[in-house]
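Remarks on the structure that follows.
Each chain gets a letter, A, B and so on, in the order its sequence line appears, and its residues count up from 1. Model, not experiment: these values are computed from the prediction.
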Amino acid sequence: MKFVRSSLPIYLGVVGGAVVLLAYFLTPKLLQDLSKWFGEWRMTLAAFALTLGAGNLLRIHANRIRLKRESFAFSYVLIFFLIGYIVLGTFWGRTHPLYSYIFDNAYQPLSATVFSINAFYISTACYRAFRARNLQAAVLLIAGVVVMLGKVGIGYAIWPGFATVTDWIMNVPNSAAMRGINMAAALGALGVSLRVILGLERGHLGGE
Amino acid sequence: MDLAVLGVWIAAFCTLAVYSFLYGDNPVFKFAEHAFVGLAAAHVAVMGIENMRNRAWEPFVAGQWWLLGALIGGVMLLTRWFPSVRWISRIPLGFMMGVAAGMAARRAIESEFWKQIISTAGMKLDTLDNVLYLVIVLCTLSYFLFAFNDRTRFGGAIKSVGVVGQYVMMIAFGASLGATIMARLSLVIARLDFLFRNWLHLLD
Amino acid sequence: MAKGMTSMFCFLVAFAAVFWVFVRRTAQGLPSPIRRIGGLDALDEAVGRCTEMGRPVHYTFGIGEMDGNVLASFDVLSYVSGQCARMDTDIIVTNALGEVQMMTEEIVRAAYVNAGKADSYQPDNVRFISNVQTAYMSAILGIFQRERPGANLMLGPFFAESMMLSEAGQQIGAIQIGGTGRTIQIPFFVAACDYTLIGDELFVAGAYIGRKPLQMGAIYAQDFGKWLSLVLMAVGSVLATMGINSVVTLLKK
Amino acid sequence: MDDFLTRMQNIDRRIIYTVVFIVLAVPMFKPMGLPLKITRETKASYDAIEALPEGALVMFATANAPGTQAELEPQSIAVVKHLMRKNAKIVFNPVAAESPRYCDRYREMMAAAGFEEGVDFIQLPYQAGGETLYVAMGTDLKSAYVMIQPGQYELWDSIDGMQDFDLFVDCGGGETQRWAIGHIEAKYHIPHITLITAVILAVVQPYFTSRQFSGIVSGLNGAAEYEVLAGFPGLAASGMDAQSLGHLWVIFTIVLGNVAYFITKAGKAAKARGGGD
C-alpha cells in the first residue's frame, strides 16, 4: 500500500515522461502510439483538473460567506455568476444567444479593460525604473528611450536615425542576448525535467 | 431600450468600473472583479465539461478503448473532494507531471537549444554585426555558468565575461521595455475608442 | 531513430550521463562550488520581513502551462512554505491551472507537516483563481488591496501578468522577487521587482537552496551543456567563415 | 526648490494616469497624420501570403483573447481579408478557451463575402491542452480532432495531415509561437507566419532571423503597416497618433525624473565638498 501511495505516482511520471521524450527520437510504432495516447490523456485530465478548480473557487467563497470574512457579500456575486453561467453554458450550450450576449457585453469588456490597466502600470514602472542610479540602470535607460523614440512616427519625425538605431538594437544586441538567455533556460528546463523523468524527483508527491 | 443598446451600456459600465480601480479599491470595482472571476471560471468549466464529453467520453463510447486510461485518471482526480482517499488523486497527478516534463524536455532540447546552436554556428563572421552577435551570445551564456566560485580555477575570468553579458542583457531589457510601452498603450486606445464611438457617439 | 535527430539524441544521452556522474560525486561528498544568486539569498529576508510586519507571503506561478518553470518553482515553494510554517507566517498561493493547484496543495501541506505544524496549515490559502489571464489579474489586484501581503514571490512561467502583479505589489510596498524562464517577461520584473531571477537562475533555485546531490547533478549537466554549446558556436562560426560547414552538418545529423 | 525636485522624482501615480488618459484621447478627435515606417518583418509576412498559389490551404491557429484583441484583431482581420483575396481555403483553429468567438467572426466575414462553409473554410472545435494540442497536431492531425466525423466537412476530408498545408498562421500573444515552431515547423517545414502582440516581438524575432518564421506582424503598428501594404482602409492606422503622443508623455516623465535626480545628487555632492552646514 505504501508503494501505491508514494511510489506509484513517481513511476507513472517516469513512464509518461520517458515515453513522450523518447518518442521524439525513436520510431517504433508502439512508442509512437503510446506517446500519442499519453498526450490525449493529459489533455483530458487537464480538462478534469480545470473543472475541479472551479469547485475549489466555489468552496473558498462559500467558506468566506460562512465565516463572514471581510466584504463577504461580494462572494455571493461571484457564486451567482459562476453557477448561473455554468448552468446556462452546460444545459443551453455556448451558442445560446444569452451566453454570447453576456460574453460579448460583460466578459469581453471586463477582460479587455483589466488587461489595459497594464498600460498605466507600465508607464509608472518605467518612470521609476528608467533612472540612471548606476551604470547598469543607465544602460537600461538609454536603450529604452532610444527604442521608444524609434518605434513611433514622432521619433521618426525628430530624427529618422532613431528607427535605424532601434532596428539595430532589436536585431543585434537584443536578439543575441535573448538567444543566450533562452539557450541557458532551455538547458535549465531540460535539467528539471530529467529529474522527473529519471524518477529522481520524490519531493513533491511523496509527502505524508 | 433595445438589447443592443443595453449591451453597450453594460459594457461601458464594466469598463469604467475596472478603471475606477486606478484611483483606489472601491465597491464598484469589487463587484466587477467578483462577477468577472465568476464568469471566467464558469466559462472555463463549461469548456472543460464540453472537452470531457467530446474528447474522452464520446470517442470512447464510439470504440476508442484506449481513452479508458484518461477516464479512469479523471475519476481518480475527483477523489480530492474526499479527505480519506485524496491520496488516490496523486496517481494521475504524477502521470501528468511526467508527461509535462517529457514535453518540456523535448521542446527545450530541439527548438530552443539545438536549433539555436545550429543557427549561431552556421553564421559567417563577415560583418561587424555578426561578430558582435556571436560575442554577445557567448557572453550572455557565460553569465549562466553556475558551477564555480572565486576559488575555482578561472572562476574570476568566467565572472568577468559574465558581467559583460549582464550589461548586454540590460540593453536587451531596456529595449524590450521601450518596445512594449507602445503595445500596452494600444490597449487603452481600443477601450477609449469603444467609449467614445460606441457608447457616447462622439466619434463617427 | 527519427531523421536528423541522431546528434541531438547523443547530446541528450551525454547530458543524462554527466547528470548521473555528478549526482554520484556530490553524494560522495566532493566539493560542489556554486556562484552566488542574489534573488535566492533574498528569500529568507522576504519571509522574515513578513513575519516582522505580521503580513502574509504571496506566492504565484503565473498563468503558464505546467512546464519546466513550474517544476523548478515547486522547489522554491516547498522551501518558502516550510519557512513560513516555522515562522508562523501565512502563505497565500494563487493558481491558474487545475493540476498546479493540486500539486501546490500537496507541497504546502507537506511543508507544514515536515515543519511539525500540520495544524497551522490553512487549505483556503492555496487558491485556484482562473486560467483566464485577466480574471486572474483582477483577483490578485483585489487580494493585494485587501490582504496586503508583505512579500510577493513570482516564480514560474509568466505572461503579461508579470507587469501588473509586480507593479501592484510595488504599490502596497511588498518586497518582491520575480523569476521566469520566459525571457520576454524578465524586463518587467527587472523594472518593478527588488530581485530578479533571470532565466536559468530560476531553474537552479532548487539546487541553490537545497544543495542536495540530485539537484547539484542537474547544475553540472547544465554547465556541461553550456560549455559544449559555447565551443560549438565559436568553432562553428569561425569554420563557417572559412567556408567549412562541417559543424553545422554534424549537428543536423 | 529641493521639495519640488523630490516631488518630481515621485510624481503621484494618479497624475501620471490622468495625463495618459488625456494624451491618448485627444488625437482620436484631432488626428495628426504622423509618418509610418514599414518593417521588414511585416513586409515578409505580406510577401509570404502574396506568394501563395490560388486556392492554397491555410491553417489559421489563433489564441486571440479579450486581453490581446486590441492588437491581434486588426492584424487578424487584415490577414484574413488578404487570404480571401487569394481565394485561400482556411481551417480556423481556436487554441485558447476564449478564441472561438473570434473565429466565429472571421467565418461570418467569409460567409458574407460568398465563401462556402465546409468547402472553403471550417472551424475546428476548441480543445484544452496547450502545448499537448500542438504536439498532437504535429503527430497526427486527424486523430487530434477525433470528434469531427468523416463526411462532416468536405474540406476536412480532403486533408490528411499537417503536410498538406501551404501556410500556417499562428496568432497569439504568448507561447503558441514556440509550440508551432517546436512541434509543427520543426517537423513539416511548411511556411509559418505569426501575428503577435508587440510585447513578445523580442523573443520571436530570433526565430525570424533563423528563418523558422517567414514573417511576423507585431502589435498595432504591425497591423497598420499590413493595412497599408494590402491596401485595406485602416482600422489600426487611426490609433497610431495616440500611441505616439502617449509615448512622448512617458518619455517626458522619464526625463523629468532623471533631471530632478541629477540636480538633487549634484546639490548633495556640492554640500558634501563644502564640509557641511
Worksheet item: Is it true that atom CH2 of B:Trp66 has more than 12 heavy atoms of other residues, nucleotides or ligands lying nearer than 6.0 Å?
Response: yes
Worksheet, complete the sentence: Answer key: most heavy-atom pairs under 4.5 Å with chain C among B:Leu125, B:Ile117, B:Leu177 is B:Leu125
Discussion item. Between B:Phe21, B:Trp114, B:Phe29, who has the most heavy-atom pairs with chain C when the cutoff is under 4.5 Å?
Written reply: B:Trp114
Item to complete: Please lay out, stage by stage, how B:Tyr143 and C:Lys226 fare under the test side-chain contact (heavy atoms from CB on, under 4.5 Å).
Response: CA-CA 10 Å; B:Tyr143 173 81; C:Lys226 284 166 208 160; over 6 Å; no
Worksheet entry | B:Trp81 atom CH2, over 12 foreign heavy atoms within 6.0 Å | yes
Worksheet item: CZ/B:Phe146 to CD1/C:Ile37 distance, rounded to the nearest 0.5 angstrom?
Response: 4.5 Å
Discussion item. Give me the atom names and distance for the closest heavy-atom approach of C:Ser130 to B:Ala41.
Written reply: OG-N, 4.4 Å
Discussion item. Just so I know, are the side chains of C:Leu230 and B:Ser142 near enough to count as touching, which here means a heavy-atom distance under 4.5 Å?
Written reply: yes
Worksheet entry | chain B contact via C:Ile219 - which portion, at a heavy-atom distance below 4.5 Å | side chain
Worksheet item: With side chains defined as the heavy atoms from C-beta onward, is the minimum distance between C:Leu141 and B:Glu33 less than 4.5 Å?
Response: no
Worksheet item: Can you tell if the side chain of B:Glu110 reaches within under 4.5 Å of the side chain of C:Met5, non-hydrogen atoms only?
Response: yes
Practice prompt. Can you tell which part of B:Thr180 gets under 4.5 Å to a heavy atom of chain C, answering side chain, backbone, both or neither?
Written response: side chain
Discussion item. Would you say that C:Phe11 contacts B:Phe113 through its side chain, given a criterion of any heavy-atom pair below 4.5 Å between the two side chains?
Written reply: yes
Practice prompt. Please say whether the positively charged group of C:Arg35, taken as NZ for Lys or CZ for Arg, lies over the ring of B:Phe144, i.e. under 6.0 angstrom from the six-membered ring centre and within 45 degrees of the axis.
Written response: no
Worksheet item: Under the side-chain hydrogen bond (donor to acceptor under 3.5 Å, both in side chains) test, which residues partner C:Gln185, sequence neighbours left out?
Response: C:Ser162
Worksheet item: Is it the case that more than 12 heavy atoms not belonging to C:Arg146 sit under 6.0 Å from its CZ atom?
Response: yes
Discussion item. Donor-acceptor check, side chain of C:Asp67 to backbone of B:Ala104, threshold 3.5 angstrom: yes or no?
Written reply: no
Worksheet item: Within a strict 4.5 Å, meaning less than it, do heavy atoms of the B:Arg90 and C:Met102 side chains meet?
Response: no
Worksheet item: Checking heavy atoms, do the side chain of C:Ser229, its backbone, both or neither come under 4.5 Å from chain B?
Response: both
Fill in: Toward chain B, the part of C:Val238 with a non-hydrogen atom under 4.5 Å
both
Fill in: Residues C:Gln145, B:Lys30; criterion side-chain contact (heavy atoms from CB on, under 4.5 Å); working and verdict
CA-CA 11 Å; C:Gln145 287 299 318; B:Lys30 279 186 197 172; over 6 Å; no
Practice prompt. Heavy-atom pairs under 4.5 Å with chain C are the metric here; pick the option from B:Arg107, B:His43, B:Met103, B:Arg80 that has the most.
Written response: B:Arg80
Fill in: For chain B, the option from C:Val247, C:Asn131, C:Asn69 that forms the most heavy-atom pairs under 4.5 Å
C:Asn131
Worksheet item: Step by step, would you call C:Ser138 with B:Val37 a side-chain contact (heavy atoms from CB on, under 4.5 Å)?
Response: CA-CA 8 Å; C:Ser138 70; B:Val37 173; 4.0 Å; yes
Discussion item. Taking every non-hydrogen pair under 4.5 Å, which of B:Leu77, B:Ile109, B:Val44 racks up the most with chain C?
Written reply: B:Ile109
Worksheet, complete the sentence: Nearest heavy-atom contact between B:Met169 and C:Ile198 is SD-CG2, 4.1 Å
Worksheet item: So which of C:Glu65, C:Glu105, C:Arg36, C:Met216 has the largest heavy-atom pair count under 4.5 angstrom toward chain B?
Response: C:Glu105
Discussion item. What part of C:Asn245 gets within 4.5 angstrom of chain B, counting heavy atoms only: side chain, backbone, both, or neither?
Written reply: neither
Item to complete: Identify the two heavy atoms, one from B:Ala147 and one from C:Tyr220, that lie closest to each other, and give their separation to 0.1 Å.
Response: CB-CE2, 3.6 Å
Worksheet item: Can you find a pair of side-chain heavy atoms, one from B:Phe148 and one from C:Ile34, that are under 4.5 Å apart?
Response: no
Discussion item. Within the 4.5 Å heavy-atom criterion, are C:Met103 and B:Leu93 side-chain neighbours or not?
Written reply: yes
Worksheet item: Among C:Phe188, C:Phe15, C:Tyr136, C:Phe128, which has the most heavy-atom pairs under 4.5 Å with chain B?
Response: C:Phe188
Worksheet item: Can you tell if the side chain of B:Lys115 reaches within under 4.5 Å of the side chain of C:Met8, non-hydrogen atoms only?
Response: no
Item to complete: Sort out for me which residue in C:Leu232, C:Val248, C:Thr249 forms a side-chain contact (heavy atoms from CB on, under 4.5 Å) with B:Ile118.
Response: C:Val248
Worksheet item: Where on B:Leu39 is there a heavy atom nearer than 4.5 Å to chain C: the side chain, the backbone, both, or neither?
Response: neither
Worksheet item: What distance do C:Phe144 atom CZ and B:Asp25 atom CG have between them, rounded to the nearest 0.5 Å?
Response: 13.0 Å
Item to complete: May I ask you to name which of C:Val204, C:Thr183, C:Val100 has the most heavy-atom pairs under 4.5 Å with chain B?
Response: C:Val204
Worksheet item: What's the shortest heavy-atom distance between C:Leu71 and B:Met97, and which atoms?
Response: CD2-CG, 3.7 Å
Worksheet item: Backbone N or O of B:Leu145 within a donor-acceptor pair of the C:Asp223 side chain at under 3.5 Å?
Response: no
Discussion item. For the interface with chain B, which of C:Ser237, C:Ala240, C:Ala207 has the highest count of heavy-atom pairs at distances below 4.5 Å?
Written reply: C:Ser237
Item to complete: Could you grab the distance from atom OG1 of C:Thr241 to atom CG of B:Asn130, nearest 0.5 Å is fine?
Response: 8.5 Å
Worksheet, complete the sentence: Closest non-hydrogen contact found for B:Leu134 with C:Met233 is CD1-O, 3.9 Å
